[in-house]
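Written out below as structure tokens is the structure these notes cover.
Nothing here was measured: the structure is a model prediction, and the numbers come from that model. In what follows, residues are counted from 1 in the order of the sequence shown.
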Amino acid sequence: VCGRRVTAALPKQGRQNIGAYVPMWGRGLARRVYLYGRERQLARLLECRAYSVYHETDSFPQVVNTHTPIVMTIFDLSLITQKQRHPPDRVRHFERHFFERLDSVAHVVTISEFIKKEIVDILDFPPDRVTVIPLAAAEFFCPRPEGNVRRYLQNRQLPEPYLLSVATQEPRKNLEGLAKALALLPPDVTLVCAGWSGWMNEAFVAAIERLHLSKRVVRLGHVTDEELRFLYSGARALVYPSFYEGFGLPILEAMACGCPVICSDRASIPEVAGDAAILVDPADQTAIASAVHDIWTKDTLRQKLVRLGYERARKFSWSTTAKTTVQLMQRVAGQAA
């Protein structure tokens, strides 16, 4: 369902920071009104058509009074375990509806063993009703010819060489810590950031100013997948020091494009990166800076990580993800029947 219509195609991603211009009380009211309208819309839809499964990918089921079995994808539990890193009104809206609706879910899909463990331990959800289906880098992500990459970087007036950050600019991504690590490195080390402005990113913006990094940090905002492929292909390394992730898809996208990876040793990230990346404590800016220095100066290390990254990315497949998802939906539909 997209807006007022049913569609077979996923809509394009919208602006994630649009709510920043609405007062907190207004955002809460808007969420309740939206949920009420969506519930009525979905309820009518499920009554009129004989659907086998209702698959929810938002924070909680948008409708519960239905005979159609509900499969819900839980990407992470950050609104429970990382609530201090989300806007308070979003946390309140989630807590108001998530727990009471979880009982209506027939099966949960999640994207890493780490998150499955949290779902079982924190939510006390039966483990036999939770299936892990990992994500993967799309085949679209692959190395681009050097000349094409160089022209793109020149057209965007981006510095060379550069580190790359691909993340929504919000507290969980630890971009403030990345800025502090950058300040420990020589001035020729620059950082290009791709990603939505997000929320609660004032500390990152302030750190850039306070540490005099405005000439060493380029914030591109949201970029297309085509641009992202060029950015991965041209970067000296992807730096991904997130405090918490349900998966960490940019890690595999970078590896598939031949970009070495430095990433956090927390949550699901080691599960995704395996032995093909440099893992660091995201709270230790000195460790992040040291890892960057090693990649920045050691060609042999970069070449090794590129080779291991290709091998790691090939272990994840969208085809397998799709087939496993379809099989799960068929099983849930069969159990309901």
Side-chain angles (χ1 to χ4, degrees), residues 76-78 81-86 112-115 117-118 161-195 198-214 216-219 235-252 254-255 259-298 300-302 304-306 308-309 312:
D76 62 60
L77 293 182
S78 64
T81 65
Q82 307 281 309
K83 64 175 64 179
Q84 75 279 13
R85 295 184 170 124
H86 284 280
S112 64
E113 293 292 343
F114 173 83
I115 298 299
K117 187 175 187 305
E118 286 200 330
Y162 62 92
L163 299 171
L164 179 64
S165 166
V166 178
T168 299
Q169 294 174 24
E170 48 107 342
R172 183 161 50 100
K173 304 298 182 178
N174 192 28
L175 296 180
E176 180 186 5
L178 180 54
K180 291 177 179 178
L182 183 65
L184 301 175
L185 291 159
D188 65 316
V189 181
T190 57
L191 174 67
V192 173
C193 298
W199 57 89
M200 297 167 62
N201 63 1
E202 297 84 359
F204 173 49
V205 176
I208 293 173
E209 296 299 321
R210 185 177 69 254
L211 299 170
H212 309 290
L213 297 174
S214 57
R216 296 174 60 189
V217 177
V218 179
R219 298 168 65 203
R236 185 66 68 99
L238 173 76
V239 189
Y240 200 77
S242 179
F243 287 121
Y244 177 93
E245 291 293 329
F247 191 80
L249 189 54
I251 294 170
L252 293 184
M255 289 177 176
C259 178
V261 174
I262 300 167
C263 57
S264 170
D265 62 1
R266 302 272 180 93
S268 66
I269 296 175
E271 182 182 334
V272 175
D275 62 354
I278 299 177
L279 301 182
V280 295
D281 179 352
D284 187 344
Q285 287 94 43
T286 302
I288 298 172
S290 177
V292 170
H293 178 267
D294 287 345
I295 279 193
W296 202 261
T297 59
K298 298 177 181 178
T300 303
L301 175 61
R302 284 202 307 276
K304 175 185 176 183
L305 290 174
V306 168
L308 292 174
R312 185 66 181 172

task: Could you check Trp199 against Thr168 for side-chain contact (heavy atoms from CB on, under 4.5 Å), going step by step and ending with a plain yes or no?
output: CA-CA 8 Å; Trp199 57 89; Thr168 299; 4.2 Å; yes
Between [X] (side chain) and [Y] (backbone), is there a donor-acceptor pair under 3.5 Å?
X      : Y      : result
Ser112 : Gly246 : yes
Thr190 : Pro161 : yes
Ser268 : Phe247 : yes
Ser242 : Arg172 : yes

query: Which pairs count as salt bridge (charged side-chain N to carboxylate O under 4.0 Å, His left out) when at least one residue sits in residues 173-186, sequence neighbours excluded?
result: Lys173-Glu245, Glu176-Lys180
field: Qualifying salt bridge (charged side-chain N to carboxylate O under 4.0 Å, His left out) pairs with a residue from residues 204-214, counting only residues at least two apart or across chains
entry: none
Would you check if [X] and [Y] make a side-chain contact, meaning some heavy-atom pair closer than 4.5 Å?
X      : Y      : value
Ser165 : Tyr240 : no
Val217 : Cys193 : yes
Leu191 : Tyr162 : no

Non-neighbouring partners of [X] that pass side-chain hydrogen bond (donor to acceptor under 3.5 Å, both in side chains), sequence neighbours left out:
X      : answer
Glu271 : none
Arg236 : none
Lys117 : Asp121
Arg312 : none

Can you sort out the partners of [X] under salt bridge (charged side-chain N to carboxylate O under 4.0 Å, His left out), two or more places apart, ordered by chain and number?
X      : value
Lys304 : none
Glu118 : none
Arg85  : none

Minimum heavy-atom separation for [X] to [Y], with atom names?
X      : Y      : value
Ala237 : Ile295 : CB-CG2, 3.7 Å
Pro171 : Phe243 : O-CD1, 3.9 Å
Arg219 : Asn201 : NH2-ND2, 4.0 Å
Ala235 : Leu164 : CB-CB, 3.8 Å
Arg302 : Trp296 : NH1-O, 3.5 Å
Ser264 : Ile269 : O-CG2, 3.1 Å

query: If you count the non-hydrogen atoms of other residues, nucleotides and ligands that lie under 6.0 Å from NE2 in His293, is the total more than 12?
result: no
message: What's the separation between atom CG in Leu211 and atom CD1 in Ile208, rounded to the nearest 0.5 Å?
response: 9.0 Å
message: Could you go through Ile262 and Leu238, starting from their C-alpha distance and side-chain angles, then the distance that decides it, and tell me whether this counts as side-chain contact (heavy atoms from CB on, under 4.5 Å)?
response: CA-CA 6 Å; Ile262 300 167; Leu238 173 76; over 6 Å; no
Please list, one pair per line, the donor and acceptor atoms closer than 3.5 Å that link side chains of residues 273-292 to other protein atoms, with sequence neighbours excluded.
from	atom 1	to	atom 2	distance (Å)
Asp281	OD1	Arg266	NH2	3.1
Asp281	OD1	Ala283	N	2.9
Asp284	OD1	Thr286	N	3.1
Asp284	OD1	Ala287	N	3.1

